[in-house]
Asks: 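This is the structure, below, for whatever I ask next.
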There are 2 protein chains.
Amino acid sequence: MMQTQLTLTTMVRHAEKYFPNKTVISRTLGGVQTIPYRKITERIHRLAGVLKNLGVKKGDKVGTIAWNHHRHLEAYFAIPSIGAVLHTINLRVSPDDLAYIINHAEDKVLLVDEDLFPLLERIKDQISNVEKIIMMTDKDDLPETSLKNVASYESLLQESDPDTALSEDINENDMAGLCYTSGTTGRPKGVVYSHRGIYLHSLALGLKDTAELSEEDTAMPVVPMFHVNAWGIPFAALWFGTTQVLPGPMPTPQILAELIEEHQVTIAAGVPTIWLGLLQALEKGNYDTSSLRCILCGGSAAPKGMIRAFESKYKIPFVHAYGMTETSPIVTLARLKSYQRDLDEEERLELRARQGMVVPGIEIKGVNENREIPHDGEAVGELLVRGPWIADSYYKNDRSEDSFRDGWLHTGDVVNIDEEGSVKIVDRTKDMIKSGGEWISSADLENALMAHEAVFEAAVIAVPDPKWQERPVACVVLKENEKLTEEDMKQFLEPQFAKFWIPDRVLIMDEIPKTSVGKFLKRALRDQVKEQLSLSDPS
Amino acid sequence: MMQTQLTLTTMVRHAEKYFPNKTVISRTLGGVQTIPYRKITERIHRLAGVLKNLGVKKGDKVGTIAWNHHRHLEAYFAIPSIGAVLHTINLRVSPDDLAYIINHAEDKVLLVDEDLFPLLERIKDQISNVEKIIMMTDKDDLPETSLKNVASYESLLQESDPDTALSEDINENDMAGLCYTSGTTGRPKGVVYSHRGIYLHSLALGLKDTAELSEEDTAMPVVPMFHVNAWGIPFAALWFGTTQVLPGPMPTPQILAELIEEHQVTIAAGVPTIWLGLLQALEKGNYDTSSLRCILCGGSAAPKGMIRAFESKYKIPFVHAYGMTETSPIVTLARLKSYQRDLDEEERLELRARQGMVVPGIEIKGVNENREIPHDGEAVGELLVRGPWIADSYYKNDRSEDSFRDGWLHTGDVVNIDEEGSVKIVDRTKDMIKSGGEWISSADLENALMAHEAVFEAAVIAVPDPKWQERPVACVVLKENEKLTEEDMKQFLEPQFAKFWIPDRVLIMDEIPKTSVGKFLKRALRDQVKEQLSLSDPS
């Protein structure tokens with residue numbers, strides 16, 4: 001067989017030749033515009049030219065601090081297509097981490113959205129390795145900024161050669177992307193994506209048995225393009241000629257609902273928080289969402305009540321998926337097997353609330369005390385993952401060995417696996433609560449609480465206990481105008497769980513602290529609760 | 001990213017873990033049996049053990065001479081899973097070529113169907129490199145044979161270890177398969193398939209935009225497993241947990257129709273001859289074919305009339321594909337783009353009769369006199385192909401350089417490519433007819449003739465002409481009980497073509513000579529016609 005390299009340049013050439021008339025619908029500060037792929041691919045060549053002119057060489061890092069829009073999409077392909085590295089930067093990290101990430105990656109050039117310049121201005125004295133900052137804006141004139149070496153994306157593109165050649169000598173194992181995980185402890189860690197990994201992950205997204213992304217689709221990645229490449233959707237979508245709706249800066253649930261209705265989005269992807277918000281928008285407004293064939297949900301577990309609401313009330317198929325920054329990210333996807341479709345609604349819902357089947361190409365196992373757990377839906381163990389789009393280390397980081405051992409990524413997620421091979425995340429290894437020698441799953445309690453119709457969101461944490469070592473405490477945010485007491489919530493849980501699982505306290509709160517990507521920040525929550533309850537560590 | 005190798009062993013492990021309850025429906029001489037993948041994968045391990053015990057080592061060739069059935073499927077995976085090479089042998093080649101192929105490949109072991117032993121007995125003195133012949137039969141006792149070193153597949157499996165380990169040290173570029181093309185000139189040429197090629201080709205078959213092979217499907221490869229791996233379907237199907245219907249020895253159209261009805265086949269794959277036969281069976285019998293979501297047709301161009309009959313009369317979507325032994329084989333597939341579905345029926349039919357869009361992962365171009373032809377649906381050129389599942393040479397063969405030049409496979413097929421990128425095979429480079437300096441496409445004439453309701457099949461060839469260098473002659477086989485004259489056929493063609501395109505003669509024949517895989521054997525036909533018309537070469 002030919003030793004054809006699996007690279008992003010072949011994906012660009014495919015889109016260029018076969019899908020010039022398909023479109024990208026891009027929302028920016030200037031409004032919503034529809035741009036044909038003909039134009040997008042031409043601009044990819046132009047941007048490649050701009051970067052070459054700036055002296056960007058093979059292996060150089062080019063950072064992006066940007067929302068989901070067409071310019072970011074162009075950067076997704078132009079940067080790796082000249083052999084450089086697309087470094088997508090999470091715009092929600094602290095200034096300190098932002099400077100750390102830019103320095104650690106050694107970004108040579110940054111592409112930054114106009115409205116995100118203030119983030120960079122705060123750290124302007126700490127990023128001396130950056131030679132050029134390119135502002136992505138719709139405006140003709142550059143707004144004022146205290147940053148130096150700033151140029152306008154559009155002006156540079158205009159002056160650049162639309163026939164700039166993409167690199168022919170990229171090896172599929174070359175770095176194409178870099179993304180830092182916003183961990184809850186320590187400095188962010190960089191994950192490297194190779195051309196080969198992105199290429200194979202894109203194929204996986206197009207399989208009939210996974211997300212079945214296709215030319216027929218109109219895909220809206222709500223998950224940010226600065227977060228695990230928006231789950232790889234922009235890559236696969238351009239390759240397959242999928243119409244893309246990129247929802248731009250700070251998309252509210254209303255904006256999302258409008259985009260879905262107006263552009264007949266068929267598949268939208270994002271974290272549970274997004275879909276909770278969308279549900280509320282759908283309940284208030286009157287939107288036509290009948291075009292949606294799939295809501296793809298990952299990042300953290302979706303409560304069963306939410307899945308039910310989308311499927312039963314709005315007839316929108318809800319597909320739960322699992323992955324992480326280290327896994328490109330798709331590892332599992334909760335599609336039913338053909339013979340499971342005759343199950344009754346509750347059983348199907350139960351299956352859909354699991355994280356699902358591993359996708360072809362990836363291998364997984366659950367491991368407990370060095371033994372692989374049986375597929376019985378009960379035994380729990382840490383999920384281990386391997387495959388061609390799974391990271392094998394953190395970028396320039398000696399903490400790699402904790403996570404990457406014996407050829408497997410140790411995810412830190414505790415799972416059970418049912419007879420059919422469907423995975424359920426029970427908890428993070430560090431979020432399991434050990435009470436009197438027995439495990440209590442905080443995730444199970446959270447799901448139960450979130451199934452209560454008055455509850456907006458809920459987090460369960462362990463607090464130290466002199467007698468039981470640890471005891472669960474629940475933190476609950478109620479929906480607007482709902483009034484429930486701690487006792488109500490406990491009574492609601494009692495019939496559902498063993499007595500020792502019932503949280504000692506249910507605290508009604510205004511909000512739960514979250515990470516920059518919308519996951520519960522349990523470390524902060526634990527501190528807050530300990531203070532509130534005047535608890536101290538047993539030490 | 002992890003350097004996980006793209007190998008068939010990961011595909012076996014996937015099926016084993018996640019699809020033990022899915023089934024293979026296998027027709028053999030003993031009847032039709034349904035076998036769960038649990039059993040198939042166990043038998044793959046057992047067969048791996050048998051081969052290891054026989055001394056089969058990494059890189060050794062193991063030949064198969066067999067129909068489409070579960071034992072052949074087991075061989076498909078067991079042989080490459082111990083690092084050996086699955087050499088599928090075309091059972092329709094001449095005894096001479098059969099001996100040549102077995103010797104050229106240096107087959108160490110052969111797996112042969114009971115009813116195909118006579119083929120081997122005829123050449124038993126010419127295949128001294130073969131150390132062991134394993135008979136695939138349902139019978140408990142081995143039938144008599146003049147061959148030596150014969151053992152029973154089932155007995156060997158029974159004695160073998162069901163926990164035999166598959167090889168862990170296979171490189172994705174290692175040889176996994178070998179298949180000789182039954183060319184119309186010279187000795188058959190071997191094409192090598194690597195693990196990587198088969199793996200990527202399988203992913204391509206599962207894409208929503210291609211054959212969308214999936215767990216939901218019941219796939220029936222009618223295309224023989226000795227011919228380009230039955231288009232790769234058995235590989236992808238086992239990986240994805242697709243139910244497989246393997247139609248066994250000499251499946252008649254009636255048998256196929258019955259299998260489709262009884263097992264609710266959703267996708268069936270084969271050459272036009274098969275579907276012509278099936279159409280006749282459907283017209284005579286009363287079969288329920290409503291389960292079929294796709295007839296996948298390749299090998300040679302399907303006449304438009306046939307596509308129309310399946311789509312309009314039987315409501316079976318008919319998908320035209322293009323490929324060859326050298327391309328694993330899928331290169332293009334005639335699916336409509338989303339915005340082409342609103343075209344009227346005739347326009348859609350026109351598009352469906354083309355070979356279609358190149359699949360993601362493969363690159364193509366049409367080349368005429370060293371220049372790439374424009375995508376205008378008119379310019380013609382030779383189709384060049386490259387990609388990770390395209391061969392880069394023939395196995396141990398110095399005629400390779402004709403076909404493999406400058407990193408591209410030169411297919412010898414003449415195509416045009418329309419504005420949307422859809423390919424149409426106009427002819428083989430060597431089948432184009434040059435009359436008075438102008439090109440005449442034999443394929444266009446054939447398609448027109450085959451669209452006549454009284455015509456069963458038609459082939460058009462060039463015959464030498466003193467004035468025009470070459471002139472077309474048509475050979476036509478009529479359907480049963482149809483009576484048409486040469487004049488009728490010419491009159492039928494006249495309104496459709498320029499005058500100089502009309503064949504000088506239309507010969508009504510009883511049959512057209514075919515290659516072992518059902519393609520017209522034009523070389524033989526030319527000789528026959530020349531003799532019949534008492535023509536001699538201008539030389």
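The chains referred to below are lettered A, B, ... by the order of the sequence lines, with proteins before strands, and numbering in each begins at 1.
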Asks: For A/E16, look at atom CD and say whether over 12 heavy atoms of other residues, nucleotides or ligands are found less than 6.0 Å away.
Replies: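 Count over threshold, so yes.
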Asks: Taking every heavy-atom pair that is under 4.5 Å apart, which of A/I390, A/N21, A/V192, A/I362 has the most such pairs with chain B?
Replies: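 Highest number of heavy-atom pairs under 4.5 Å: A/I390.
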Asks: Under a 4.5 Å heavy-atom cut-off, does chain B meet the side chain of A/E215, its backbone, both or neither?
Replies: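 Both backbone and side chain of A/E215 come within 4.5 Å of chain B.
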Asks: Just verifying a value: how many Å separate A/M1 CE and B/Y193 OH, rounded to the nearest 0.5 Å?
Replies: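 So the CE of A/M1 and the OH of B/Y193 are separated by 6.5 Å.
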Asks: With a 4.5 angstrom heavy-atom cut-off, is it the side chain or the backbone of B/I364 that approaches chain A, or both, or neither?
Replies: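 Both parts, backbone and side chain.
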Asks: For each of A/K22, A/H14, A/E326, tally heavy-atom pairs with chain B at distances under 4.5 Å, and name the one with the top tally.
Replies: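 Of the candidates given, the most pairs with chain B belong to A/H14.
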Asks: Heavy atoms, side chains only, cut-off 4.5 Å: are B/L200 and A/L203 in contact?
Replies: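 Yes, side chains in contact.
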Asks: Given side chains that start at C-beta, do those of A/L6 and B/P388 come closer than 4.5 Å, heavy atoms only?
Replies: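 With C-beta onward as the side chain, the pair touches.
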Asks: List for me each residue that meets salt bridge (charged side-chain N to carboxylate O under 4.0 Å, His left out) alongside B/R196, sequence neighbours excluded, and say none if there are none.
Replies: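 Checked B/R196 against salt bridge (charged side-chain N to carboxylate O under 4.0 Å, His left out); matches are A/E172, B/E172.
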Asks: Is the shortest side-chain heavy-atom distance between B/E420 and A/F19 below 4.5 Å?
Replies: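 No, every pair of side-chain atoms sits at 4.5 Å or beyond.
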Asks: Between A/G197, A/P360, A/S194, which residue shows the highest count of heavy-atom pairs closer than 4.5 Å to chain B?
Replies: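 The residue among A/G197, A/P360, A/S194 with the greatest pair count is A/P360.
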Asks: Is any side-chain heavy atom of A/K17 closer than 4.5 Å to one of B/H375?
Replies: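 B/H375 reaches A/K17 side chain to side chain.
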Asks: Listed by chain and number, what are the salt bridge (charged side-chain N to carboxylate O under 4.0 Å, His left out) partners of B/E419, not counting sequence neighbours?
Replies: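 Testing B/E419 for salt bridge (charged side-chain N to carboxylate O under 4.0 Å, His left out), a comparison that skips the adjacent residues, returns none.
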Asks: Under a 4.0 Å N-O cut-off, is there an ion pair linking A/K208 with B/E216?
Replies: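 Result for this pair is yes, salt bridge flagged.
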Asks: How many angstroms lie between CE in A/M2 and CH2 in B/W408, if you round to the nearest 0.5 Å?
Replies: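 Rounded to the nearest 0.5 Å, the CE-CH2 separation comes out at 8.5 Å.
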Asks: Short question: side chain of B/K337, backbone of A/G241 - any donor-acceptor pair under 3.5 Å?
Replies: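 No; zero donor-acceptor contacts below 3.5 Å.
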Asks: Of all of B/A391, B/G421, B/A211, which one pairs up most often with chain A through heavy atoms under 4.5 Å apart?
Replies: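 With the most close heavy-atom pairs to chain A, the winner is B/A391.
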Asks: From A/T243 OG1 over to B/Y339 OH, what is the distance, rounded to the nearest 0.5 angstrom?
Replies: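 It is 9.5 Å, given to the nearest 0.5 Å.
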Asks: Nearest 0.5 Å, what's the CD-OG distance between B/E212 and A/S214?
Replies: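 Separation between the atoms: 8.5 Å.
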Asks: Which answer fits B/S328, side chain, backbone, both or neither, if we ask what part of it has an atom under 4.5 Å from a heavy atom of chain A?
Replies: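 Only the side chain of B/S328 comes within 4.5 Å of chain A.
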Asks: Side chain, backbone, both or neither: which part of A/D217 has an atom under 4.5 Å from a heavy atom of chain B?
Replies: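 A/D217 has no heavy atom closer than 4.5 Å to chain B.
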Asks: Within a 6.0 Å radius of atom CZ on A/R371, are there more than 12 heavy atoms belonging to other residues, nucleotides or ligands?
Replies: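 No.
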Asks: Going from CZ on B/F240 to OG1 on A/T210, what distance comes out if it is rounded to the nearest 0.5 angstrom?
Replies: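 With rounding to 0.5 Å, CZ (B/F240) is 9.0 Å from OG1 (A/T210).
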Asks: Name the member of B/V191, B/L213, B/V358, B/L409 that forms the most heavy-atom pairs with chain A at distances under 4.5 Å.
Replies: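 When all of B/V191, B/L213, B/V358, B/L409 are compared, B/V358 has the most.
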Asks: Closest approach of A/E363 and B/T10, non-hydrogen atoms and distance?
Replies: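 Of all heavy-atom pairs spanning A/E363 and B/T10, the closest is OE2-CG2, 3.7 Å.
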Asks: Measure the CH2-CG distance between A/W239 and B/L207 for me, rounded to the nearest 0.5 Å.
Replies: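 Here the rounded value is 7.5 Å.
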Asks: At a 4.5 Å cut-off on heavy atoms, which part of B/L205 comes close to chain A: side chain, backbone, both, or neither?
Replies: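 Interface part for B/L205: neither.
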